[in-house]
Trainee: 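Got a structure here, written out as structure tokens. Questions coming.
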Amino acid sequence: MNPLWLILLVGGGALYFSKLSDAGKRISITILNIDTFKIVGGALQLSVNIALDNPSDTSITLKKPNVKAFYKDNEVGNSIPSEEKITVKANARTVMKQINIQIPFSNMPNVVMSLFQVTTGKKNLAFDIEVSTEVNGIAITEKKTLSI
């Protein structure tokens, strides 16, 4: 093989992987809101909406984000782990709606009274929601406090 072609091939490959790595560093996660909440068989189910923003000029495929809920600094529930892949197009936003988190009441002993107060309009129940994923080997995490 001609040495010039070899240099171009290696250089092009390095540039391609450099762009992928750059794109992974720049993708961002925004936790939008808790869309709905309901009681399902002894557990509180939260449905969370998130947005994935890709400001780069390269489409990115990433692992479906894992979503965790924390109550008073203790992890109380999470979404079902998945190996599903999500593609975020170049210079675009992908919104993932209603990612469900199951929170067994046994994880939150005082939550039943708090839920009663929420449904009667007397109080808000606040959760820290954490979203994490991996893009091209780079871990990305975002955390936000949301109330129901």
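Computed over heavy atoms, backbone and side chain alike; hydrogens, waters and symmetry mates excluded. For this chain, numbers begin at 1 and follow the sequence in order. As the structure is a computational prediction, the values presented were derived from the model and not from experiment.
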Trainee: Test of understanding: clusters of I, L, V, M, F, W, Y form through side-chain heavy atoms closer than 4.5 Å, transitively. Do Ile101 and Phe70 belong to the same one?
Mentor: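 Cluster IDs for Ile101 and Phe70 differ.
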
Trainee: State which residues pass side chain to side chain donor-acceptor pair (under 3.5 Å) with Thr133; sequence neighbours excluded, sorted by chain then number.
Mentor: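 In terms of side chain to side chain donor-acceptor pair (under 3.5 Å), with neighbours along the sequence ignored, Thr133 is linked to no residue.
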
Trainee: Hey, does Glu130 have a side-chain heavy atom less than 4.5 Å from the side chain of Glu75?
Mentor: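 The answer is no; the side chains never approach within 4.5 Å.
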
Trainee: Verify the cluster assignment for Phe105 and Ile103: are they in a single hydrophobic cluster under the rule of side-chain heavy atoms below 4.5 Å apart?
Mentor: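 Yes.
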
Trainee: Could you list the donor-acceptor pairs under 3.5 angstrom formed by side chains in residues 137-148, with sequence neighbours left out?
Mentor:
from   : atom 1 : to     : atom 2 : distance (Å)
Lys144 : NZ     : Ile31  : O      : 3.1
Thr145 : OG1    : Asp128 : OD1    : 2.4

Trainee: Could you go through residues 43-53 and list every donor-acceptor pair under 3.5 Å that involves a side-chain atom there, pairing it with any protein atom two or more places apart or in another chain?
Mentor:
from  : atom 1 : to     : atom 2 : distance (Å)
Gln45 : NE2    : Asn100 : OD1    : 3.4
Ser47 : OG     : Thr36  : OG1    : 3.4
Ser47 : OG     : Asn100 : OD1    : 2.5
Asn49 : OD1    : Gln98  : N      : 2.8
Asn49 : ND2    : Asn33  : OD1    : 3.0
Asp53 : OD1    : Arg93  : NE     : 2.7
Asp53 : OD2    : Arg93  : NE     : 3.4
Asp53 : OD2    : Arg93  : NH2    : 3.0

Trainee: Heavy atoms only: give me the nearest Ala90-Ser59 pair and the separation to one decimal.
Mentor: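 Nearest pair, atom of Ala90 first, then Ser59: N-OG, 3.4 Å.
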
Trainee: Shortest non-hydrogen contact from Tyr71 to Ala126?
Mentor: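 Result for this residue pair: CD1-O, 3.4 Å.
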
Trainee: More than 12 non-hydrogen atoms from neighbouring residues, nucleotides or ligands closer than 6.0 Å to CD1 on Ile80, yes or no?
Mentor: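 No, CD1 of Ile80 has 12 or fewer neighbouring heavy atoms, counting only those of other groups under 6.0 Å.
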
Trainee: Nearest 0.5 angstrom please: Ile86 CD1 to Leu62 CG, how far?
Mentor: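 Output value for this atom pair is 7.0 Å.
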
Trainee: With a 4.5 Å heavy-atom cut-off, do Phe37 and Leu125 have their side chains touching?
Mentor: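 In short, these two side chains do not touch, never coming nearer than 4.5 Å.
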
Trainee: Going by the rule side chain to side chain donor-acceptor pair (under 3.5 Å), which residues pair with Thr61 if we only count those two or more places apart in sequence or in a different chain?
Mentor: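 Checked Thr61 against side chain to side chain donor-acceptor pair (under 3.5 Å); matches are Thr87.
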
Trainee: Could you work out, with side chain to side chain donor-acceptor pair (under 3.5 Å) as the rule, every residue matching Asn91, not counting sequence neighbours?
Mentor: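 So Asn91 forms no side chain to side chain donor-acceptor pair (under 3.5 Å) with any residue.
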
Trainee: Using the test salt bridge (Lys or Arg N to Asp or Glu O under 4.0 Å), find all partners of Lys63 that sit at least two apart in sequence or belong to another chain.
Mentor: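 For Lys63, the residues satisfying salt bridge (Lys or Arg N to Asp or Glu O under 4.0 Å) (neighbours in sequence not counted) are Glu83.
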
Trainee: Which atoms form the tightest heavy-atom contact between Ile99 and Val67, and what is the distance?
Mentor: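 Ile99 and Val67 have their closest heavy atoms at CG2-CG2, 3.7 Å.
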
Trainee: Check for me, please, whether Ile34 and Val95 land in the same ILVMFWY cluster - side-chain distances under 4.5 Å, paths through other members count.
Mentor: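 Not linked; separate clusters.
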
